[in-house]
Amino acid sequence: QVQLVESGGGLVHPGGSLRLSCAASGTIFNPMAWYRVAPGNERESVTSREFVASISRGGDTAYADSVKGRFTISRDNAKNTMWLQMNNLEPDDTAIYYCKIQGDIYWGQGIQVTVSS
């Protein structure tokens, strides 16, 4: 069983930056991704979580249109760690962010990001 642990969330002003980390307990060969759930939707099923970005083991990336040009996803396979650098944050980015192993059942516990003045 794989464990995913997110860190790096918090409160930031609009226009600010945060860097989320996702540490895996073992070697991950699948693509990894970030998803998010907006406030009030926490009880929705996992299938309704909004895709944010993904990265393959080889470094191929994909982004939701809403974050392109502002967020950057990266991973270090040797460290079993993935990151999400979030710049120019907007209030609509406020959400619980989850990391996930694509094509598998494993999710992190989620971490809160709040963008507010």
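A quick note: this is a predicted structure, and the numbers were derived from the prediction, not measured. Along the sequence shown, residues are numbered consecutively beginning with 1.
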Engineer: Under the side chain to side chain contact (heavy atoms under 4.5 Å, CB included) test, which residues partner S117, sequence neighbours left out?
Structural biologist: P14
Engineer: Quick one: do L18 and I96 end up in the same hydrophobic cluster if we chain Ile, Leu, Val, Met, Phe, Trp and Tyr together by side-chain heavy atoms under 4.5 Å apart?
Structural biologist: no
Engineer: I'd like to check V113 versus M86 (side-chain heavy atoms, cut-off strictly below 4.5 Å). Are they in contact?
Structural biologist: yes
Engineer: When you measure from the side chain of S116 to the backbone N and O of T114, does any donor-acceptor pair fall under 3.5 Å?
Structural biologist: no
Engineer: Could you check whether any side-chain N or O of Q3 sits under 3.5 Å from a backbone N or O of A24, counting only pairs where one atom can act as donor and the other as acceptor?
Structural biologist: no
Engineer: Quick one: does T94's side chain have a donor or acceptor within less than 3.5 Å of a partner on V115's backbone?
Structural biologist: yes
Engineer: Any side-chain heavy atom of I111 within less than 4.5 Å of one from L20?
Structural biologist: yes
Engineer: Give, for atom CD1 of I73 and atom SG of C99, the distance between the pair rounded to the nearest 0.5 Å.
Structural biologist: 9.5 Å
Engineer: Does one hydrophobic cluster hold both F51 and Y63, with members joined at side-chain heavy-atom distances below 4.5 Å?
Structural biologist: no
Engineer: I'd like to know if the side chain of R70 reaches the main chain of N88, judged simply by a donor and an acceptor atom lying under 3.5 Å from each other, with no hydrogens or angles considered.
Structural biologist: yes
Engineer: Measuring from atom CG of N77 to atom NZ of K79, what distance do you get when rounded to the nearest 0.5 angstrom?
Structural biologist: 12.0 Å
Engineer: Just wondering, are more than 12 heavy atoms of other shown residues or ligands nearer than 6.0 Å to CD in Q112?
Structural biologist: yes
Engineer: Kindly work out whether a path of hydrophobic side-chain contacts (I/L/V/M/F/W/Y, heavy atoms less than 4.5 Å apart) joins F29 to I105.
Structural biologist: no
Engineer: With no hydrogens and no angle check, do the side chains of N87 and S17 hold a donor and an acceptor under 3.5 Å apart?
Structural biologist: yes
Engineer: Which salt bridge (Lys or Arg N to Asp or Glu O under 4.0 Å) pairs, counting each pair once, include a residue from residues 10-36, with sequence neighbours left out?
Structural biologist: R36-E50, R36-D93
Engineer: Restricting to pairs with a member in residues 88-117, which pass ring-ring contact (aromatic ring centres under 6.0 Å, His included), not counting sequence neighbours?
Structural biologist: Y35-W107
Engineer: Determine whether M82 and I55 make a side-chain contact, defined as any pair of heavy atoms from C-beta on separated by less than 4.5 Å.
Structural biologist: yes
Engineer: Are K100 and R49 side-chain neighbours, meaning at least one heavy-atom pair lies under 4.5 Å?
Structural biologist: no
Engineer: With a 3.5 Å distance limit and no angle check, can you tell me whether S54 reaches the backbone of A33 through a side-chain donor-acceptor pair?
Structural biologist: no
Engineer: Under 3.5 Å, is there a donor-acceptor pair linking the side chains of S21 and W83?
Structural biologist: yes
Engineer: Side chains of M32 and Q102, heavy atoms from C-beta outward: is any pair under 4.5 Å?
Structural biologist: no
Engineer: Does any part of the side chain of R75, heavy atoms only, come nearer than 4.5 Å to the side chain of I28, both counted from C-beta?
Structural biologist: yes
